[in-house]
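Worksheet: one structure, shown below.
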Amino acid sequence: MHDLSVCLRVRGDYALFSRPEFKVERVSYPVITPSAARGALEAVYWKPEFKYRIRRIGVVKIGSTATVLRNELGTRQGKTPVFIEDDRQQRSSLLLKDVEYLIHADIVLQPHAYAQANGVNLLMKHTECFKRRAQSGQCRHQPYLGTREFSAEFEAATSDEQPDRGLNQRLGNMLLDIAFVPSKTRKEMQFKRHDGKKWDVADGYMEAVYFNADLKDGWVDVVTNTANPYARLDALEGRHA
Amino acid sequence: MLDALVKHARDEEFSKSLPPTGFYNYSQPIRWVVQISESGARLEEADLSGLLFARPYTGRTSGIDPHPLADEACYALGVSVDDKGKVDDRAAEKHTKFLTLLDKMEDAPQLDADIRQAIAQVKKAVAGEWLADDARWAEVKSKDWVAFQVQSGPLAGKKLFQLPAVQAFWVAEAQERIAVRDDKKEMITGECAVCGEVKPLISRIPVGVKLISKPGPLHSLNSNAFVSGRTDTGGHNNLCYECADTASRVFNALASDKQHRRIIVMDKVGKQVKLDTLRNQVALFWVEKGRPLHSAEDFSFQGALGSSYGEGATETKASESFDFESALGDLMRPPVADDSDSDSDNDEQPKPKVKKGTKAAASAPAPPKPEARLSQLSSLLNIQNAAGQHLTFLDGSKFALAIFSPNVGRTALREWLYLDLGRMLPHVRAYLNATTINDAWGKPGDPHHINALMEALGSKNANLTRDLIRTAYEGVKPPLEMLAQAVQRFRTLTVKGAQDRKKDEWERQRHLKTLAAALKFSLYYAKTAAEGGAKFMTGLERLESDPAYLCGRLLAVLEEAQQVYSYRQNRKRLKTTGVQRSFGAASASPAGIFPKLVKLATVAHLPKAGRYLNEEMEGLVRTLVERGGYPMSLNVEGQGRFGLGYWHQRGDIRANWTPEQKTADEQAENAPEGDEA
């Protein structure tokens with residue numbers, strides 16, 4: 001049977017998967033988060049018709065930690081020019097060095113994609129597209145490991161490739177992804193949503209969703225037979241709820 | 001890291017040192033206790049134990065923020081004048097809010113009928129101005145802390161704010177006060193990043209953490225630098241009240257306990273400490289206890305350590321005097337010359353400020369725990385069977401180590417280790433073994449802690465210190481730069497020669513020994529760790545045939561030949577030998593200088609230096625010739641081995657001196673300085 005999952009191997013000299021509770025003096029999670037893994041996959045291939053759901057993450061090299069100090073801006077750049085000298089802050093980041101991961105994910109089609117399918121097996125189509133692009137090293141932008149400063153090398157992987165089986169660690173609560181929740185009462189931001197017919201701008205807010213991560217024999221299982229943390233994300237976003 | 005702190009709060013023994021959730025150990029004591037009866041109330045000055053009371057806390061600054069059943073007199077009693085005669089214009093408003101809070105408490109589901117009745121009595125006492133007729137009323141000042149106590153009923157004699165139900169009310173109330181709210185002022189709920197439960201999320205952590213100087217927030221929060229996981233209301237969107245508060249309380253408890261804190265680097269210029277810079281680094285560490293498989297009574301340190309542990313110590317004393325958790329942290333003890341941890345501003349938990357003229361006085365500090373020695377830890381870990389038993393006892397335990405720096409009001413986490421204790425201990429053993437070396441007289445030495453290595457290297461490089469910490473606890477390869485620095489410094493101090501001032505010479509000798517340990521550690525850590533050898537390269541290794549090591553040994557033999565010759569000729573030992581002149585060249589390019597040195601010694605010194613040294617020299621030269629002669633040049637590693645060979649051989653010669661030689665040496669040391677032969 002044709003395998004409809006996508007696999008990617010990513011590696012990098014440095015990585016920083018910021019913990020949400022430490023966002024200024026940043027501290028990394030010990031392994032890549034599903035959110036960052038999704039970002040790496042989307043850098044290779046992405047269409048609005050589908051989204052990635054990370055099934056599991058294999059840790060080939062867990063790496064070591066290192067601290068760097070950088071001069072950063074205290075504010076985001078916007079329409080008003082920023083005078084750097086007034087807004088410079090020296091910040092510390094606790095990051096990871098020399099990491100490598102295997103990412104296994106499923107492609108989940110958005111409801112509106114079926115309307116334009118015209119009899120094509122979209123799941124197979126997008127899976128094949130991803131594999132072709134990964135094998136030939138094509139990407140929309142260079143994937144990165146957590147933050148854009150730390151770009152990642154990538155290559156296509158197969159589902160039978162193995163991580164470091166000796167790694168076992170309880171990782172605790174880990175960021176799964178950010179849910180974009182439509183809301184009439186908390187209009188903190190706007191984002192695009194497809195209502196089945198057309199794209200529209202919706203008001204709402206972001207909410208971080210977490211899952212209990214466990215590194216067992218080199219694998220972090222995100223979706224298992226008994227638990228699917230994406231269900232809460234879908235419920236918040238009002239999809240498949 | 002926050003989840004580990006929260007988890008540590010569940011430790012039964014450790015939790016005794018923590019104030020309850022939502023409470024804080026104030027530096028100002030409670031001064032007054034209002035004793036309330038059915039028909040009246042009177043003011044009573046708090047006894048000494050009032051100093052230690054943790055009280056409700058929300059991080060109040062200039063706002064009006066009443067606390068339940070224990071607060072400043074301006075809140076609790078409406079007193080408006082402070083001890084300097086200054087009038088608080090908002091005292092009435094504060095008192096009204098306090099009474100409103102009491103009203104709210106009466107309706108709270110957490111409180112039972114008895115407490116409600118007690119609250120009603122408090123309201124009656126406060127609102128009915130029963131206290132205005134009290135003889136001591138005039139002494140009450142607006143900033144004095146006041147608590148309430150009822151004299152009859154089931155709650156008699158208990159301070160009301162300490163009742164568990166009142167504490168539960170306060171947790172809910174405090175959470176409500178600092179929760180993030182939406183446009184309609186509704187509390188925002190979400191998953192907490194630490195516990196994962198869906199709860200109201202908070203806008204700030206109420207309790208600041210004290211790392212070096214003034215308290216600051218445990219986590220960093222910039223209003224507009226990052227948008228993800230944040231609301232437009234400017235609040236933090238990832239932590240619940242209980243996790244944030246617990247993490248901060250645990251942090252403060254660890255930071256105020258010298259058994260769990262080590263200062264890695266203190267940013268000092270002269271005697272002045274810059275408290276708020278990133279150069280400062282403080283380590284907090286703790287052991288998260290796992291599932292005990294054997295009872296603690298099964299294991300005896302005395303039994304495990306045998307005669308190597310505390311000469312003549314009884315078993316009870318030995319067990320009491322070894323704090324295993326603290327000993328693990330002793331790898332990071334402050335250096336001898338810079339015991340920054342003893343600075344007054346880094347003292348134990350802040351002592352309550354006691355007002356003059358009150359009964360209150362500072363409670364006597366707890367007697368300090370006896371220091372654990374690295375050699376004790378090393379002995380323990382090197383006894384395989386005992387260590388195995390100990391590891392079994394510690395099954396599932398974790399060792400947590402966090403290194404923090406202050407950064408202009410923020411707290412930065414610079415390093416975070418969270419390791420299985422069972423897996424970590426072999427690394428600690430390898431580190432201890434790798435830094436153990438015989439002293440200059442060939443006597444067995446103790447392991448060296450990390451800061452001693454850094455002090456001997458003359459380095460304040462915090463990155464290098466953290467790398468060494470990783471090596472010690474995680475078993476990663478020692479940093480390469482350490483070897484280069486150790487080689488250079490060892491050469492400098494050796495060439496410098498004996499110092500006239502006793503203190504300087506003592507320091508030089510101490511550093512030389514530590515540097516020799518640093519050389520051994522850098523060169524042979526992997527081998528020591530792999531072989532688990534406590535004795536490997538600790539003293540002279542006669543089977544080691546590395547040419548650089550042999551050259552170092554040869555130089556020590558030639559130096560000793562010169563000393564013996566000088567003594568026999570002039571009854572004086574030299575203060576400055578040929579080694580000082582030739583150590584640099586001999587360690588960098590042995591082929592260029594050793595033939596000359598050997599020739600000189602053969603002609604001038606060795607004929608009168610005795611049989612032992614002649615045989616040693618001949619043996620070394622023979623082995624060197626077999627190994628291809630003197631090396632033309634030595635790289636940094638070679639120079640390290642050279643230094644180590646020199647140190648080992650010199651110690652070995654001294655250790656094997658005959659009594660006659662020892663007597664001669666003692667006489668020579670007392671004799672006036674001689675000239676170089």
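The chains referred to below are lettered A, B, ... by the order of the sequence lines, with proteins before strands, and numbering in each begins at 1.
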Legend entry - Sequence-distant partners of B:Arg414, side chain to side chain donor-acceptor pair (under 3.5 Å), two or more places apart: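 B:Arg414 satisfies side chain to side chain donor-acceptor pair (under 3.5 Å) with B:Ser405 only.
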
Inset, instruction - With sequence neighbours left out, write down each residue that passes side chain to side chain donor-acceptor pair (under 3.5 Å) with A:Asp217, or none if nothing qualifies. - result: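 Partners of A:Asp217 by the side chain to side chain donor-acceptor pair (under 3.5 Å) criterion come out as none, since no residue qualifies.
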
Inset, instruction - Check whether more than 12 heavy atoms from other residues, nucleotides or ligands sit under 6.0 Å from atom CZ of A:Arg165, and answer yes or no. - result: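 Count over threshold, so yes.
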
Legend entry - Atom OH of A:Tyr14: over 12 foreign heavy atoms under 6.0 Å: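 No, not enclosed.
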
Inset, instruction - To the nearest 0.5 angstrom, please state how far the CZ atom of A:Phe22 sits from the OG1 atom of B:Thr411. - result: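 Reported value, rounded in 0.5 Å steps: 9.0 Å.
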
Legend entry - From A:Arg170 atom CZ to B:Tyr418 atom OH, the distance as rounded to the nearest 0.5 Å: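 A:Arg170 CZ to B:Tyr418 OH: 10.0 Å, rounded to 0.5 Å.
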
Legend entry - Any donor-acceptor pair under 3.5 Å from A:Asn173 side chain to B:Cys192 backbone: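 Checked: pair present.
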
Inset, instruction - Against chain A, label B:Val198 side chain, backbone, both or neither, depending on which of its atoms sit under 4.5 Å from a heavy atom there. - result: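 The side chain, not the backbone.
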
Legend entry - Heavy-atom side-chain contact between B:Glu415 and A:Leu94 under 4.5 Å: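 A side-chain contact exists here, since the closest heavy-atom pair is under 4.5 Å.
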
Inset, instruction - Find out whether A:Arg186 and B:Ile188 are in side-chain contact, i.e. whether some heavy atom of one side chain is under 4.5 Å from a heavy atom of the other. - result: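 Sidechains of B:Ile188 and A:Arg186: in contact.
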
Inset, instruction - Heavy atoms only, distances under 4.5 angstrom: which of A:Arg232, A:Met174, A:Arg19 has the most pairs with chain B? Name it, please. - result: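 Option with the top pair count is A:Arg232.
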
Legend entry - Those residues that, when tested against A:Thr80, pass side-chain contact (heavy atoms from CB on, under 4.5 Å) (two or more places apart):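 Scan of A:Thr80 (side-chain contact (heavy atoms from CB on, under 4.5 Å), adjacent residues dropped) gives none.
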
Legend entry - Closest approach of B:Gly190 to A:Glu207 (non-hydrogen atoms, all atoms of both residues):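 That would be CA-OE2, 3.4 Å.
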
Legend entry - Heavy-atom pair with the smallest gap, counting every atom of A:Ala208 and B:Glu191: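 Residues A:Ala208 and B:Glu191, closest heavy atoms: O-CB, 4.1 Å.
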
Legend entry - Inter-chain contacts: residues 56-69 of chain A against chain B, heavy atoms under 4.5 Å: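 Expected list: A:Thr65, A:Thr67, A:Leu69.
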
